Chemist: 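Below is the structure I would like to discuss, written out as structure tokens.
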Amino acid sequence: MNHHQIVEWLRETDPTRLERLWHDADATRRRHVGPEVHLRGLVEVSSYCVRLCGYCGLRAANTKSRRYRMSKAEILDTARQAVALGYGTLVLQSGEDPGITVDWMTDVIRRIKAATPLAVTLSLGERADDELSAWRAAGADRYLLRFETSNRDLYHRIHPPRGDSRRDRMVILETLRRLDYELGSGVMIGIPGQSYDDLARDIEQFAALELDMIGVGPYLPHPDTPLAHLDQRPASADDQTPNDELTTYKVIALTRLVRPEANIPATTALATINGSTGWEQGLSRGANVIMPNLTPAEYRALYDIYPDKVCVHETDADRGQGLRHRIAAIGRTVGVGRGDAPSYVAGRKAAWTERAESDQDTTSTQESGEDSPYCKAKENHGLDD
Ligand code: SAH
């Protein structure tokens, strides 16, 4: 699919033609990642943040935001809860919080890995290379860092750099790939100032970065942020992308078509604009992951990245049997095990094959794969799940 075709789909309004897009995305999802819906327990471990992102309610300058940081014991409790609920992954997310030191998080990761079979995904913002490396060595499996928009001007306007450092998210994504994290990123849809061309380029960027996990959701204005009060428009008014449900489904579907083997969630932001069928429609138009919120009730409302987050009012039933029934009702099954993205597993196999071949070239001794990094990876990470 070329750039022009992606833009055409993003602008499409004819319901019959859109049915074709939904059908193709769903068929591609079925063929490449199957019927399973993987559940990832999301734990929002800290709302402290040093950044000044124009869109996010956790921005440092928002004095109305009451801050919290979970204790290690509380995080461990949610990990056990995730296991009890049958989830295979725990996602630890936070603002960019220097109170989360490298040693503190290293210990948290080690303890979760020792006590549970969970895959651990980190989403802690822009951290230093040595921290990312230490956490990978401690057992963290995946990292989520959205690049938010591929339009560089827009990105810098909504995401001012921290102090004098200009750490670029694209560079950090490369570092994460080099560290062999399973790699996740994504964008917001309908950011003021985002054009259809920009959004199409975002989707092309997902493919270029060979992402394993891709999260997209509508931009939801937070009243205590500057972006909510800025009248920022692209050059021509009809070029502004809408931050609505239909555009979100289109981006999910197109993302599945350009990245068939990735894990793609129906996000909380989507469920926030349609609490009754947002998840189901997302899952039927390309998505294969849901991230139920396991943050303890007393903290949940304080992790206020945007208003009226659906999970704030979520009941325990939504996380347990209720969610399983909703998934079964659309003819899907709940994934068991870690649910690694086939793109990541395939990448590791290819890396191993390359390595084995080059070893053979130099030593001509390797006959069995027992000592290969891939076999070790299989033991460590249960890639056959
Ligand atoms: N500090 C971490 C986690 C941020 S929250 C980081 O920056 O990576 C995770 C995602 O929520 C962000 O990447 C952003 O895409 C999304 N988000 C933040 N504010 C939002 C808003 N107002 N509307 C919609 N999505 C938002």
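What you see below is based on every heavy atom in this structure, not just the backbone, and it leaves out hydrogens, waters and symmetry mates. Just so you know, these numbers come straight off a predicted model, no measurement behind them.
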Chemist: Walk me through whether V45 and I100 qualify under side chain to side chain contact (heavy atoms under 4.5 Å, CB included).
Modeler: CA-CA 9 Å; V45 294; I100 295 181; 4.0 Å; yes
Chemist: Is it true that a side-chain atom of N62 and a backbone atom of G57 form a donor plus acceptor pair closer than 3.5 Å?
Modeler: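 Yes.
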Chemist: About how many Å separate CG of L39 and OH of Y87, when rounded to the nearest 0.5 Å?
Modeler: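 It comes to 5.5 Å.
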Chemist: Hey, are D26 and R30 close enough for a salt bridge, meaning a charged N less than 4.0 Å from a carboxylate O?
Modeler: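 A salt bridge links D26 with R30.
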Chemist: Can you find a pair of side-chain heavy atoms, one from I290 and one from R326, that are under 4.5 Å apart?
Modeler: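 A side-chain contact is absent here, since even the closest heavy-atom pair is not under 4.5 Å.
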Chemist: Using a strict cut-off of less than 4.0 Å between a Lys/Arg side-chain nitrogen and an Asp/Glu carboxylate oxygen, indicate whether D244 and K250 qualify as a salt bridge.
Modeler: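 Answer for the salt bridge query: no.
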Chemist: Answer yes or no: are there more than 12 heavy-atom neighbours, outside H23 itself, under 6.0 Å from its atom NE2?
Modeler: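 Not more than 12 within 6.0 Å, no.
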Chemist: Could R285 and Y249 be counted as a cation-pi pair, given that NZ or CZ must be under 6.0 Å from the ring centre and within 45° of the axis?
Modeler: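 Pair R285/Y249 counts as cation-pi.
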Chemist: Is there a side chain to side chain contact (heavy atoms under 4.5 Å, CB included) between E36 and V336 once you walk through the steps?
Modeler: CA-CA 8 Å; E36 293 93 8; V336 284; over 6 Å; no
Chemist: Using modelled atom types and a 3.5 Å cut-off, is there a donor and acceptor pairing between side-chain atoms of R29 and backbone atoms of R256?
Modeler: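 No: the side chain of R29 does not pair with the backbone of R256.
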Chemist: For D198, which residues count as a salt bridge (charged side-chain N to carboxylate O under 4.0 Å, His left out) partner, sequence neighbours excluded?
Modeler: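 Listed in chain order: R201.
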Chemist: Just by modelled atom types, is the D212 backbone N or O under 3.5 Å from a matching donor or acceptor in the R259 side chain?
Modeler: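 Side chain of R259 to backbone of D212, a donor-acceptor pair under 3.5 Å: no, none is there.
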Chemist: Would you check if the side chain of N243 reaches a backbone N or O of Y219 as a donor-acceptor pair within less than 3.5 Å?
Modeler: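 Side chain of N243 to backbone of Y219: a pair is present.
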Chemist: For the residue pair L323 and P292, what are the closest heavy atoms and their distance?
Modeler: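 The pair with the smallest heavy-atom distance is CD2-CG, 3.5 Å.
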Chemist: Using distance only, find each side-chain donor-acceptor pair of residues 168-175 under 3.5 Å and give its atom names and separation, not counting sequence neighbours.
Modeler:
from : atom 1 : to   : atom 2 : distance (Å)
D168 : OD1    : R152 : NH2    : 3.3
D168 : OD1    : M170 : N      : 2.7
D168 : OD2    : R152 : NH2    : 2.3
R169 : NE     : E126 : OE2    : 2.8
R169 : NH1    : R146 : O      : 2.7
R169 : NH1    : E148 : OE2    : 3.4
R169 : NH2    : E126 : OE2    : 3.3
T175 : OG1    : V171 : O      : 3.2

Chemist: Can N288 and H38 be said to form a side chain to side chain contact (heavy atoms under 4.5 Å, CB included), step by step?
Modeler: CA-CA 6 Å; N288 70 324; H38 299 291; 4.2 Å; yes
Chemist: Quick check: does any side chain N or O of S47 sit under 3.5 Å from a backbone N or O of Y303, one acting as donor and the other as acceptor?
Modeler: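 The answer is no, because no donor-acceptor pair under 3.5 Å joins these two groups.
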Chemist: Is there a chain of hydrophobic side chains (I, L, V, M, F, W, Y, each step under 4.5 Å between heavy atoms) that links W279 to V91?
Modeler: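 Shared cluster, no.
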Chemist: Answer whether the closest heavy-atom distance between the side chains of Y143 and L124 falls below 4.5 Å.
Modeler: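 Y143 vs L124: side chains touch.
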Chemist: If you define the side chain from C-beta out and look only at heavy atoms, does anything of L283 sit under 4.5 Å from V37?
Modeler: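 Result yes, sub-4.5 Å side-chain heavy-atom pair found.
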Chemist: Heavy atoms, side chains only, cut-off 4.5 Å: are L132 and R178 in contact?
Modeler: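 L132 vs R178: side chains apart.
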Chemist: Using 0.5 Å steps for rounding, measure from the OG atom of S133 to the CG atom of D180.
Modeler: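 The OG atom of S133 sits 11.5 Å away from the CG atom of D180.
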Chemist: Return the OG to CG distance between S46 and D97, rounded to the nearest 0.5 Å.
Modeler: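 The CG atom of D97 is 3.5 Å from OG of S46, to the nearest 0.5 Å.
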Chemist: Does some side-chain heavy atom of M70 sit less than 4.5 Å from a side-chain heavy atom of P296?
Modeler: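 Yes, close enough: below the 4.5 Å cut-off.
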Chemist: Decide whether I214 and I189 are clustered together by the hydrophobic rule: side chain heavy atoms of Ile, Leu, Val, Met, Phe, Trp, Tyr closer than 4.5 Å, transitively.
Modeler: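 Yes, because I214 and I189 connect within a single hydrophobic cluster, where side-chain heavy atoms sit under 4.5 Å apart.
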Chemist: For a quick check under 3.5 Å, do S343 and E261 share a side-chain donor-acceptor pair by atom type?
Modeler: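 Result is no, nothing qualifies.
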Chemist: Of all heavy-atom pairs between I109 and A140, which one has the smallest distance, and what is that distance?
Modeler: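 In this case the closest contact between I109 and A140 is CG2-N, 3.5 Å.
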Chemist: Would you say that more than 12 heavy atoms from the other residues, nucleotides or ligands in this model lie under 6.0 Å from the CD of E298, or not?
Modeler: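 Yes, the 6.0 Å shell around CD holds more than 12 heavy atoms from other groups.
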Chemist: To the nearest 0.5 Å, tell me how far Y55 OH sits from L227 CG.
Modeler: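 CG of L227 is found 9.5 Å from OH of Y55.
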Chemist: Under 4.5 Å between side-chain heavy atoms, counting indirect links through other Ile/Leu/Val/Met/Phe/Trp/Tyr residues: same cluster for L145 and Y155 or not?
Modeler: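 No, L145 and Y155 fall in different hydrophobic clusters.
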Chemist: If you apply the rule side chain to side chain contact (heavy atoms under 4.5 Å, CB included), what do you find for H3 with D197, and how did you get there?
Modeler: CA-CA 8 Å; H3 179 80; D197 263 331; 2.5 Å; yes
Chemist: Donor-acceptor pair, distance only, cut-off 3.5 Å: does the side chain of T295 make one with the backbone of E44?
Modeler: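 At least one qualifying donor-acceptor pair exists.
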Chemist: Is the Y68 ring parallel, tilted or perpendicular to the Y299 ring (thresholds 30°, 60°)?
Modeler: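 Y68 and Y299: parallel rings.
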Chemist: I'd like to know if the side chain of R332 and the backbone of P35 have a donor-acceptor N/O pair within less than 3.5 Å.
Modeler: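 Yes, because the side chain of R332 sits within donor-acceptor range (under 3.5 Å) of the backbone of P35.
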Chemist: What's the spacing between R177 CZ and L179 CG if we round to 0.5 Å?
Modeler: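 Between R177 CZ and L179 CG, I get 11.5 Å after rounding to 0.5 Å.
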Chemist: Can you name the nearest heavy-atom pair linking G282 to I252, along with the distance?
Modeler: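 Nearest heavy atoms, G282 then I252: O-CG2, 4.1 Å.
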Chemist: Under a 4.5 Å cut-off applied to non-hydrogen side-chain atoms, are P218 and T247 in contact?
Modeler: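 Not in contact.
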Chemist: Spell out, yes or no, whether W22 and M1 are grouped together once hydrophobic residues are joined by side-chain heavy atoms under 4.5 Å, including indirect joins.
Modeler: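 Yes, W22 and M1 fall within the same hydrophobic cluster.
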Chemist: Looking only at non-hydrogen atoms, find the nearest pair between P221 and A228 and report the distance.
Modeler: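 The pair with the smallest heavy-atom distance is CB-CB, 4.0 Å.
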Chemist: Can you confirm whether N263 sits close enough to Y344 that some side-chain heavy atom of one is under 4.5 Å from a side-chain heavy atom of the other?
Modeler: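 Result no, sub-4.5 Å side-chain heavy-atom pair not found.
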Chemist: I need the I203 CD1 to L254 CG distance, nearest 0.5 Å.
Modeler: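 Nearest 0.5 Å value for the CD1-CG distance: 4.5 Å.
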Chemist: Would the distance check show the side chain of Q240 and the main-chain N or O of G193 forming a donor-acceptor pair, the cut-off being under 3.5 Å?
Modeler: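 Such a contact is found between Q240 side chain and G193 backbone.
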Chemist: Under 3.5 Å, is there a donor-acceptor pair between the side chain of S185 and the main chain of F147?
Modeler: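 Present.
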Chemist: Looking at R51, R127, R59, which one forms a salt bridge (charged side-chain N to carboxylate O under 4.0 Å, His left out) with E96?
Modeler: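 Output: one option passes, namely R51.
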Chemist: Evaluate the criterion side-chain hydrogen bond (donor to acceptor under 3.5 Å, both in side chains) for residue pair N274 and S276; output intermediate values, then yes/no.
Modeler: CA-CA 6 Å; N274 179 352; S276 46; 3.2 Å; yes
Chemist: Tell me the closest heavy-atom pair linking I330 and E280, and the distance in Å.
Modeler: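 Heavy-atom minimum between the residues: CG2-CG, 3.8 Å.
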Chemist: Are N151 and I191 packed together at the side-chain level, in the sense that at least one heavy-atom pair is separated by less than 4.5 angstrom?
Modeler: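 No - every pair of side-chain heavy atoms lies 4.5 Å or more apart.
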Chemist: Is the shortest distance from a Lys or Arg side-chain nitrogen in D107 or R110 to a carboxylate oxygen in the other one below 4.0 Å?
Modeler: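 Between R110 and D107 there is no salt bridge, as every charged N stays at least 4.0 Å from the carboxylate O atoms.
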Chemist: Check this for me: does any side-chain nitrogen of one of R11 and D239 sit under 4.0 Å from a carboxylate oxygen of the other?
Modeler: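 Salt bridge present between R11 and D239.
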Chemist: Any donor and acceptor pair, going by atom type alone, linking the side chain of Q194 with main-chain N or O of G190 inside 3.5 Å?
Modeler: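 Pair found, side chain donor or acceptor close to backbone of G190.
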Chemist: One thing to verify: whether R142 and D340 come together as a salt bridge, which I'm taking to mean a side-chain N less than 4.0 angstrom from a carboxylate O.
Modeler: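 Yes, this pair counts.
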Chemist: If you take all heavy atoms of P307 and P223, which pair is closest and at what distance?
Modeler: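 In this case the closest contact between P307 and P223 is CG-CD, 3.7 Å.
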Chemist: So does K64 pair up with D304, basic N to acidic O under 4.0 Å?
Modeler: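 Judged by the 4.0 Å cut-off on N to carboxylate O distance, K64 and D304 do not form a salt bridge.
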Chemist: Going only through I, L, V, M, F, W and Y residues with side-chain contacts under 4.5 Å, is there a path from V7 to L21?
Modeler: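 Looking at the clustering, L21 is in the same group as V7.
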